[in-house]
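Remarks on the structure that follows.
Counting convention: from 1, in listed order, for ligands and their atoms alike.
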Amino acid sequence: MKLKIAVLPGDGIGPEIVAQALEAAKAVCKKFGHELVYREALVGAAAIDAAGNPYPPETHALCMDSDAVLFGAIGSPKYDNDPLAKVRPEQGLLAMRKQLGLYANIRPVTTFPSLIHKSPLRTDLVAGADFMCIRELTGGIYFGRPQGRSEDGETAYDTCVYTVEEIERIIRLAYGYALKRRKKLTVVDKANVLCTSRLWREVAQKLEKEYPEVETEYMFVDNAAMQLIQWPKRFDVMVTENMFGDILTDEASVITGSLGMLPSASIGVHTSVFEPIHGSYPQAAGKDIANPLATILSVALMFEYAFDLQAEAEAVRKAVDASLAEKIVTEDIAAGGKAYKTSEVGKRITDYLY
Ligand code: IPM
Ligand code: MG
């Protein structure tokens, strides 16, 4: 099979981790007899510096022309402390999501036995936790208009907007995953306060009847934040709106021990994007110390979701497990043992795959 992918390394550690993930993808393709064709493009601060636009039209054209996008990370301290900056790297990510119609962000949260001691939670609470957060990605307060400042600058506003159509498609998608898993869906909202949340609940309650095999529960977001750390194993599939999902998935990611381990898939209308859930970690840029595993595991998700290549995805996960078992890991998860370089971890995984 011919796999045509767009590679968007982005900022900070993005180029280093994406390089390793790309090597892993090449190894798998070689082993399974696929042809991998890839082209790189700019996004984020790197694209602002080069082209004045965090998501240039050429980058979008390349994404549209590809079967999948492998994405690194976005963000640079150069822009973080300037509240008046006209253009920000993060706008590139949001523009990409919007223009590719990526309305669903899927973040599977699974534990790695060898990393459980790194979890801030007690082992008995996290061992075996396995759930999936599905975050709506192109609506809500991230994109609602009006958004801005009053003329005198004394007032600022954002608007949260959702349509029935937007809610329905993400809830249906979540039911699809729940059906394939343990058949439990938690719809997270703030229906006791927000109008958009009440619409979410209304739509979900209507759809619930079409999926009698699935147990549906409704939970306020503050309660969900609490339950996630109190008893994460109670969750199977969780679905929520854009900003609640942003916050809850960061919370969920550390439960398993390291933010450096979790991959994500963003899917929707056009080309799907695969990326680690962590950020651009600018302090580590260029030092060859960042953990490449979340990006390598995103390659596994890419094989699975974009190409329906299950054995290939499994091969990547096995290689990651092998490197963990041998403790060939970067400093964030080395736990006092030897810390390997990003490139050394990548090489071990590639060697295992060939
Ligand atoms: C994420 C990130 C982004 C978001 C930022 C970088 C715009 O936090 O993918 O979760 O808020 O969606
Ligand atoms: Mg986030």
Side-chain angles (χ1 to χ4, degrees), residues 8-15 17-18 21 42-48 53-55 59 63 69-83 85-109 132-144 147 158-162 166 170 188 221 224-225 228 238-256 258-268 272-285 290 294-295 297-298 301-302:
L8 273 50
D11 307 323
I13 57 167
I17 52 176
V18 163
L42 291 169
V43 70
I48 300 179
N53 179 346
Y55 187 57
T59 301
C63 293
V69 178
L70 180 62
F71 190 95
I74 227 168
S76 155
K78 201 165 114 188
Y79 299 90
D80 287 347
N81 296 320
D82 178 4
K86 285 255 173 322
V87 51
R88 314 181 157 274
E90 288 78 6
Q91 287 165 348
L93 185 56
L94 299 185
M96 179 181 77
R97 289 172 179 169
K98 195 70 174 179
Q99 291 178 37
L100 293 175
L102 304 174
Y103 61 82
N105 181 227
I106 299 168
R107 297 184 166 182
V109 181
M132 188 175 244
C133 296
I134 299 185
R135 164 187 175 193
E136 202 289 328
L137 204 57
T138 50
I141 200 162
Y142 271 58
F143 293 97
Q147 176 189 66
D158 297 283
T159 311
C160 188
V161 183
Y162 269 109
E166 286 172 319
I170 190 87
V188 175
V221 62
L228 263 178
M238 173 192 281
V239 64
T240 191
E241 65 96 57
N242 203 346
M243 189 157 79
F244 296 160
D246 177 47
I247 298 166
L248 292 178
T249 53
D250 259 35
E251 184 189 0
S253 71
V254 291
I255 291 173
T256 71
S258 175
L259 184 62
M261 295 298 297
L262 295 189
S264 82
S266 298
I267 62 176
S272 301
V273 173
F274 301 86
E275 61 174 313
I277 90 153
H278 60 70
S280 60
Y281 191 15
Q283 304 86 333
T295 320
L297 289 166
S298 299
L301 281 184
M302 179 179 85

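Here the side chains of Y281 and L259 are not in contact, with every heavy-atom distance at 4.5 Å or above.
Y142 and D158 share no donor-acceptor pair across their side chains, judged by distance under 3.5 Å alone. Side chains of Y79 and E90: a donor-acceptor N/O pair is absent below 3.5 angstrom, by distance only. Of the N and O atoms on the side chains of S266 and N105, at least one donor lies less than 3.5 Å from an acceptor on the other residue. Side chains of R97 and T138: a donor-acceptor N/O pair is absent below 3.5 angstrom, by distance only.
For atom 3 (C) of ligand 1, the candidate residues are L93, I74, T249; the nearest heavy-atom contact is made by L93.
Shown here for A252 and V109, the closest heavy-atom pair between the two residues is O-CG1, 3.8 Å. In terms of heavy atoms, F274 sits closest to A265 at CE2-CB, 3.5 Å.
Proximity of Q91 to ligand 1, defined as any heavy-atom pair under 4.0 Å, is not found for any part of the residue. When non-hydrogen atoms are compared, ligand 1 lies under 4.0 Å from the side chain of R135 (C-beta onward) but not from its backbone. Residue contacts with ligand 1 for R97 involve side-chain atoms from C-beta outward but no N, CA, C or O (heavy atoms, distance under 4.0 Å).
Because the distance cut-off is set at 2.8 Å, D250 fails to qualify as a neighbour of the Mg ion (ligand 2), as none of its N, O or S atoms comes that close.
Distances from the Mg ion (ligand 2) to each N, O or S atom of D246 single out OD1 as the nearest.
Residue-ligand proximity, E90 to ligand 1, at heavy-atom distances under 4.0 Å covers atoms 6 (C), 7 (C).
Protein heavy atom at the shortest distance from atom 4 (C) of ligand 1 is Y142 OH, 3.5 Å. At the top of the distance list for atom 8 (O) of ligand 1, counting protein heavy atoms only, stands D246 OD1, 3.3 Å.
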